[in-house]
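To start, the structure under review is shown below, and the notes come after it.
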There are 2 protein chains.
Amino acid sequence: MARVSIKDIAREVGVSTAAVSLVLNGKDENGRIGKEMSEKIRQKAKEMHYEPNNLARGLRIGRSNTIGLILADISNLFFANLAFHIQEQAEKQGYSVIITNTNESDLKMEKMINVLNSRQVDGFIIVPTEHGDRYIADLLKRRMPVVLIDRFFPHLRASSVAVDNYNAARKAIEKMIRQGCRNIGMLVYQTELQHMQDRKRGYIDVMKEHHMFNPALVKEIGYSFLTNDVPIAIEHLLLKENRMEGIFFATNTLSMIGIKQLMNMGLRIPEDMKVICFDKSDAFDFTEASIPYIQQPVPEMGKVAVELLVEQIKQKQESCQFIELQTRMMNIAEKSIIF
Amino acid sequence: MARVSIKDIAREVGVSTAAVSLVLNGKDENGRIGKEMSEKIRQKAKEMHYEPNNLARGLRIGRSNTIGLILADISNLFFANLAFHIQEQAEKQGYSVIITNTNESDLKMEKMINVLNSRQVDGFIIVPTEHGDRYIADLLKRRMPVVLIDRFFPHLRASSVAVDNYNAARKAIEKMIRQGCRNIGMLVYQTELQHMQDRKRGYIDVMKEHHMFNPALVKEIGYSFLTNDVPIAIEHLLLKENRMEGIFFATNTLSMIGIKQLMNMGLRIPEDMKVICFDKSDAFDFTEASIPYIQQPVPEMGKVAVELLVEQIKQKQESCQFIELQTRMMNIAEKSIIF
DNA sequence: CTGAAAGCGCTTACAG
DNA sequence: CTGAAAGCGCTTACAG
């Protein structure tokens, strides 16, 4: 134990703690300390394996150099990747990241905000849950730096990083139509969150423009009942409606279970059923069928979110930027990009 | 901004900060403060939305109630799940978790230890990288609480949580042999890390016992060249050796790419080739072939690791426990357990 | 019994 | 110019 402090170094070298602090922080402008003395201090610090106490530093300067990250579910590969890139970027800028989970519960989100707040994080990057807007509003009111990522609330003046969900969905459906599909179903989460609504709206608009829209083709799935409800929804689509030709999955979890179900029912993709998914799943690598999917620029999303947040932290000025990134339509054939 | 401090509450209520601290920490034994006053303090604290400053608290009491988690790769689902369960358990015990990545680099591991140290974490849970033993030894020498997870170093007196890799591998090979395989290949990471060596040893021992061992059947793959080397290794196995009947994959990343390659080559599983994998991949859900795999008890691993660590932190006494958990052989048919 | 004061490890404004 | 001292927000040992 017995961690070395600035005081220990000061005693050893025979100077004040102030001198040590100045030198070690490179704040020794105009060579106030003297070349040889500052060298001696640096030397001794290394020799004693000095590591600054960030708690003390944070307390004193009022910043912790820590970012609080609140995810909806770290064991979802999409979010795990996001976490990875956020961390890499944060580290580059000298910030540590504390990652927490909400499991899509807004109560848990409130709790996590409190936990992170009491850890004095300098700012938040949040994948908000449904009905989580009031907690975000709280943070904004208290002038805490916040960046929402993946999801956002249109009525809040919060910086956000997301993709163009509406047009991504549009393009997916248009592609299916070009391939000759007329009866196209959609599986989407049952949520008021805007990003999901946008994906749905993209689907609906295109379907309407082609006079093919039918509300029964949109299946909304509750987050907690995925394993049960996705297969049921698929069966409904296939039984009730006249010959389904394509299904659009609004998330990777939906597509994972949904495609499995299609296979179980003996349908071949794309011969018997065309599909397009939002986000990739590892599982896609395993099908001989090539499954087209909408790729989100995860590394860039993470990078931009950190940049936006750090900007807010440093400038201490309010700034609300909504960054919308573009998606790409991918095929497993191009998968070399993924690994 | 303007965070509320204990001082603010003290001023409002008209008592000393000490009184506020005692009450809010429930340390008011023998009712030193007086029932009605302590109620008033609690009231005011809630009213002012007081959140304790953990930085200050940590500085004072010498503990941060933070655990440092060092993973090899958070974007690997196995580790992401591990992180998830470690976090859930840590939270239950009042600890926050700072997650960092090494990407299998021991230099990065050293850096992350320093970063976490300067954040005054109370202890470490580490998935160590190859050649990372000296940094672990450093931590032990400095009496820092440490628990290794998934991987371990037999020559270090560090607490560890891992599975019985040797016997898990043995059982896998024995099962393949019972199914009639004679020529069984193995894909394994090229590393000196004990857990991987144990998996290899399990394979080798069983093969020798059945007089079927041939060094050419073991393919060691470098971590950085997976995408290239796994397909090559598979081709080698299939071309050079006489009729391969089974392949044992030592990790999920190896199996992901390996099985894909088998499929690309037009082989059916299990008719043309039997496989068994260490760990599951989402991808397994997608094959009609049922792919048997060795399931590690990830939730329990995370839980036990946190318990072991917290014990070390609280008792301040050295304790070195090696916890070895048992694996289960699973089939996708039983996958309901996974979701 | 209880209030005032010291001190955790830092940084920086300020007196000399 | 530079050294000594204050103070960040807490907790707790200690004087009265």
Side-chain angles (χ1 to χ4, degrees), chain A residues 1-38 40-42 44-45 48-66 94 114 117-122, chain B residues 1-38 40-42 44-45 48-66 94 114 117-122:
Chain A
M1 251 18 175
R3 271 164 164 155
V4 194
S5 82
I6 222 177
K7 216 191 210 167
D8 300 319
I9 300 174
R11 191 181 341 96
E12 285 284 317
V13 181
V15 292
S16 70
T17 58
V20 178
S21 171
L22 286 174
V23 169
L24 259 34
N25 285 303
K27 294 230 171 132
D28 184 21
E29 345 79 73
N30 56 32
R32 173 175 160 172
I33 303 291
K35 205 103 197 219
E36 71 296 346
M37 181 56 87
S38 77
K40 204 165 156 189
I41 290 172
R42 255 185 278 272
K44 189 55 94 178
M48 298 173 80
H49 296 108
Y50 171 71
E51 281 292 334
N53 181 331
N54 268 304
L55 257 46
R57 182 157 197 278
L59 179 60
R60 175 59 229 242
I61 67 177
R63 290 185 295 106
S64 61
N65 287 328
T66 305
N114 288 339
N117 242 327
S118 70
R119 305 244 161 217
Q120 312 297 113
V121 295
D122 296 337
Chain B
M1 251 22 172
R3 270 163 166 158
V4 194
S5 81
I6 221 177
K7 217 190 207 164
D8 301 319
I9 299 175
R11 192 182 338 95
E12 288 283 317
V13 181
V15 292
S16 69
T17 58
V20 178
S21 170
L22 286 175
V23 169
L24 260 34
N25 286 303
K27 294 230 173 132
D28 185 19
E29 345 81 70
N30 54 34
R32 172 174 161 173
I33 303 291
K35 204 103 197 211
E36 71 296 345
M37 180 56 88
S38 77
K40 204 165 156 190
I41 290 172
R42 256 186 276 270
K44 189 55 95 178
M48 299 174 78
H49 295 108
Y50 171 71
E51 282 292 334
N53 182 331
N54 268 304
L55 256 47
R57 182 158 197 278
L59 180 58
R60 175 59 228 243
I61 66 177
R63 290 186 294 107
S64 61
N65 286 329
T66 304
N114 287 338
N117 243 328
S118 70
R119 305 246 162 215
Q120 312 299 111
V121 296
D122 295 337

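Chain identifiers are assigned alphabetically (A, B, ...) following the order of the sequence lines, protein sequences preceding nucleic acid strands; residue numbering begins at 1 within each chain.
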Pair B:Asn25-B:Arg57, side chain to side chain contact (heavy atoms under 4.5 Å, CB included): steps then yes or no: CA-CA 11 Å; B:Asn25 286 303; B:Arg57 182 158 197 278; 4.1 Å; yes

Side chain to side chain contact (heavy atoms under 4.5 Å, CB included) between B:Arg119 and A:Asn65, intermediate numbers included: CA-CA 10 Å; B:Arg119 305 246 162 215; A:Asn65 287 328; 3.8 Å; yes

Test log, rule side chain to side chain contact (heavy atoms under 4.5 Å, CB included), inputs A:Val15 and A:Lys44: CA-CA 12 Å; A:Val15 292; A:Lys44 189 55 94 178; over 6 Å; no

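No option in B:Leu24, B:Val23, B:Leu22 other than B:Val23 meets the side-chain contact (heavy atoms from CB on, under 4.5 Å) test with B:Ser38.
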Nucleotide-level pairing of DNA chain D, given in dot-bracket where Watson-Crick and G-U pairs need both distances under 3.5 Å and | marks other strands: |||.||||||||.|||

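Annotation: D:dC10 and C:dA13 have their C1' atoms spaced 23 Å apart (nearest Å).
A pairwise comparison of heavy atoms in A:Leu59 and B:Asn53 identifies CD1-ND2, 4.0 Å as the closest pair.
With B:Thr17 contributing its side chain and B:Ile6 its backbone, the two residues share no donor-acceptor pair below 3.5 Å.
In this view, B:Asn114 satisfies the side-chain hydrogen bond (donor to acceptor under 3.5 Å, both in side chains) rule with no residue, not counting sequence neighbours.
A heavy-atom distance below 4.5 Å is found between the side chains of A:Arg11 and A:Asp8.
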Which atom pairs link the protein and nucleotides 8-11 of chain D when you take only N or O atoms and keep those under 3.5 Å?
from: D:dC8; atom 1: O2; to: A:Arg60; atom 2: N; distance (Å): 3.4
from: D:dG9; atom 1: N2; to: B:Ala56; atom 2: O; distance (Å): 3.2
from: D:dC10; atom 1: OP1; to: B:Tyr50; atom 2: OH; distance (Å): 2.9
from: D:dC10; atom 1: OP1; to: B:Asn53; atom 2: N; distance (Å): 3.3
from: D:dC10; atom 1: OP2; to: B:Ile6; atom 2: N; distance (Å): 2.9
from: D:dC10; atom 1: O5'; to: B:Tyr50; atom 2: OH; distance (Å): 3.4
from: D:dT11; atom 1: OP1; to: B:Asn25; atom 2: OD1; distance (Å): 3.4
from: D:dT11; atom 1: OP1; to: B:Asn25; atom 2: ND2; distance (Å): 3.0
from: D:dT11; atom 1: OP1; to: B:Arg57; atom 2: NE; distance (Å): 2.8
from: D:dT11; atom 1: OP2; to: B:Ser21; atom 2: OG; distance (Å): 2.6
from: D:dT11; atom 1: OP2; to: B:Asn25; atom 2: ND2; distance (Å): 3.0
from: D:dT11; atom 1: O2; to: B:Arg60; atom 2: NH1; distance (Å): 2.1

